[in-house]
Amino acid sequence: MADSDGRQVDGVNHATDKDVKLQEIALAKNEGKELTKEEKQRLRKEKKQHKKNKKDDKGPPEKEKEKEKASVPAPSKPATQSPAHKAAPAPVHASESAAAAEKPAKSKAELRAERRARQDSERTSKQGKKEGGQQSASSKPKATPNELQPVVKRLPEHVQVDDPAALKKLAKKLERQQVPLRSDYGYKVSLFSHLHQYSRKSPPTLQISIPATVIHPSIVRLGLQYSQGIIAGSNARSVALLHTFKQVIQDYSTPPNEELSRDLVNKLSPYISFLSQCRPLSASMGNAIKYIKKEISNIPSQCKEEEAKGKLQACIDSYINEKIILASEAISKYAIEKISDGDVILVYGCSSLVNHILCKAFEKQRKFRVIVVDSRPRLEGREALRRLVKKGIRCTYVLISALSYILPEVSKVFLGAHALLANGYVMSRVGTSQIALVAKAYNVPVLVCCETYKFCERVQTDSFVSNELDDPDDLIVTRNGKSHLENWQTVKSLGLLNLVYDVTPPDFVDLVITDLGMIPCTSVPVVLRVKNVDQ
Amino acid sequence: MEFNVLVEYFRAQIRGDPDVASAVAAIRSLLEFLRRDQSETILGLRENMTQAIRRLEETDSSVAVSSGGELFLRFISLTSLEHPDLSQCKNVMIERGELFLKKISLSRGKVGKLCHTFIKDGAKILTHSSSRVVLKVLENAAADNKRFTVYVTESQPDSAGKRMAQKLRKLNIPVMVVLDAAVGYIMEKVDLVIVGAEGVVESGGVINKIGTYQMAVCSKAHNKPFYVVAESFKFVRLYPLNQQDVPDRFKYTADILKTVKDLNQEHPMIDYTPPSLITLLFTDLGVLTPSAVSDELIKLYL
């Protein structure tokens, strides 16, 4: 219905095309900056119109959703534009859609097939990533319908919370998927104002009601566990995610006239948006999601539903087994070669992999002692300490401020990683780069242990561009019944910064132990290349 | 073939051609061993080869023998050995073995050709101990009518540097022997440092005669380029973190390992130079930076 309205508007405004275009050119000379934004929106609209035109040829049920998607933003676009931009939105919009409708017609079946292939590849590469700003429009390859997209490596788009247009786009997307939008909390330090900062006291689950939501209840539970910090740590989060997806697949039933391979992926997108609202996705989770989506879209269409579900569950099980459990066995084997008798090993925080390595080495009768370094506010080192002492390993516990005091005693440093970036930088818990830096100054070898499924195609050289801000209230300390920072919000010039991650340059890391073997930090792109060839 | 016969064959190879790299001699012996092997199954054959390599390592404890042997084994077995007849499989393996041997016999020439262009006219070169590959490089440069002077360290405890100096004098290259302790003193005079390697490790670092690490640290302090020349069969799957981490079986000669109880009293014959001190590596696979070595190793071994 919205379609036909648009069409009528098109017909009426055909004549005013030229006038509008002249108007635009005049505007362009005055407001160069705005026009570029408009151009991008124009491109987006053209594309959507293009999609709309082609979709008329296709079967109704599958495309109804996308028609809604296309038509809902189309009328709302003029509304959002008018406050933001001063140019005449409605006639411009109409003229563009008119221009789009004038494109030469092609064979319907041909277009349908190409469209489908492009959607699949776009879907698999675009979903599961952070919402971006204008970049999503400009980064969409402007391929004409005849060319199939080349294999473009799509990287996660950057979060841009201080860009109102990006925020609006995100809000619209979430509204479309019926996922509640979580609002930011408190004053943000200006360097990090482009990141989200949420409060633990207001989880997104408060805003949804279980019976009336499209989100599967186990996903809601998982989201709550993430946002409250009950499940923390890269491996734990990925494994929990995969188990929940197994549950979701179990409960899923294909609606009539739909294909499992396409519909299930569409069902997963609102879940993923919801989870990233609860807590931004980690690199390992991103890779796991990519894998699942690939597996789902590779299900042949003639496969029966039960069989397909069984296959997917088996895939997930084998992923967890190979990439996480067996990988940690392989890494322990290599790492134990590097632990000699009489070693003093320094570890930071609580990495499940490093703890596993140390326990295995202790079982193999290596004589060593461990120094656990910890930092506020998470104090994860205490958990690591608990696990190691339970095994019977001799441990010492210090806070990170005592690092240079303790380092002359240390013979090796073992660090875990949250992700390994394509330029060799190691992304890990905040404080890791500090430890690597001081260890380098004391000439102590630094070993990073990381499974290959955490290797990420992203490139980052500093910790500002992409990071996570935790609840600032965590930094408030109550001693003797007094908490001095209690009313920090009332002090206008005070900001509390609770960073979660930081990046360590490869010059500070001597060795990376992965399930493929021991590699220098600069060889991460080689491993990524080898992995892609395998897939 | 008995293992003693193998060892004798190996020793004979080295005696007959003193210029040959010990790894090449080892691989020749292994090929002969393969030819004369009497096992009935492929698995048995592999077992015997692995044991043969281990025996050769015990005879000559250099890193190159170990790496060369392992690469040889991988090269010959990384083909489709699906013929039902064992002798056919063996023939395939022997063919590949000969191919491997031919390739690596040419590698020293390739390295020489690559590296000599980096020596400019009037250059002063510092080198350490006696390396046949460095000799080849300097030979090629001299044949190219370049004028240069060479400083060689004495390289105790076996005074290998003096032997190197003699060989260079035969080529009419002006050479001066310096004390090991004089490396820091001479560094300001030289333009570049070229050393050979006994083994190239995964991190891109090298294992070479003791004293190489010192030279590398000095050249870094003086900002002089530090070049390493090595054939590709010297690439080994070790990853030492520091000097202590190099396995004992490489540090000391084979006889000392067998006779002496307390190795702490002995002086090691090799040391490890980390990749941060090396400018470039010249190999028959091309001119590589230390970080590219890992890439090549992954290609060779995986």
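Letters A, B, ... mirror the listed sequences (proteins, then strands); counts begin at 1. Just so you know, these numbers come straight off a predicted model, no measurement behind them.
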For B:His222, is the NE2 atom crowded, meaning more than 12 foreign heavy atoms sit under 6.0 Å from it? yes
Check the surroundings of atom CD in B:Gln214: do more than 12 heavy atoms from other residues, nucleotides or ligands lie under 6.0 Å from it? no
Got more than 12 heavy atoms from elsewhere within 6.0 Å of CZ, B:Phe100? yes
Any side-chain heavy atom of B:Asp295 within less than 4.5 Å of one from A:Arg529? yes
Distance col, row A:Lys412:NZ vs B:Leu241:CG, nearest 0.5 angstrom, shows 6.5 Å
Is the number of heavy atoms from other residues, nucleotides or ligands under 6.0 Å of B:Lys103 NZ greater than 12? no
Look at B:Pro240, B:Ser291, B:Ala292 and state which one has the largest set of heavy-atom pairs under 4.5 Å with chain A. B:Ser291
Taking all heavy atoms of A:Asp510 and all of B:Tyr239, pick out the closest pair and write down the distance. O-OH, 2.7 Å
Any side-chain heavy-atom pair of A:Asn443 and B:Asn242 under 4.5 Å: no
Can you tell me how far apart OG (B:Ser203) and CD1 (A:Ile519) are? Round to the nearest 0.5 Å. 12.5 Å
Closest non-hydrogen contact found for B:Glu202 with A:Met518 is OE1-O, 2.8 Å
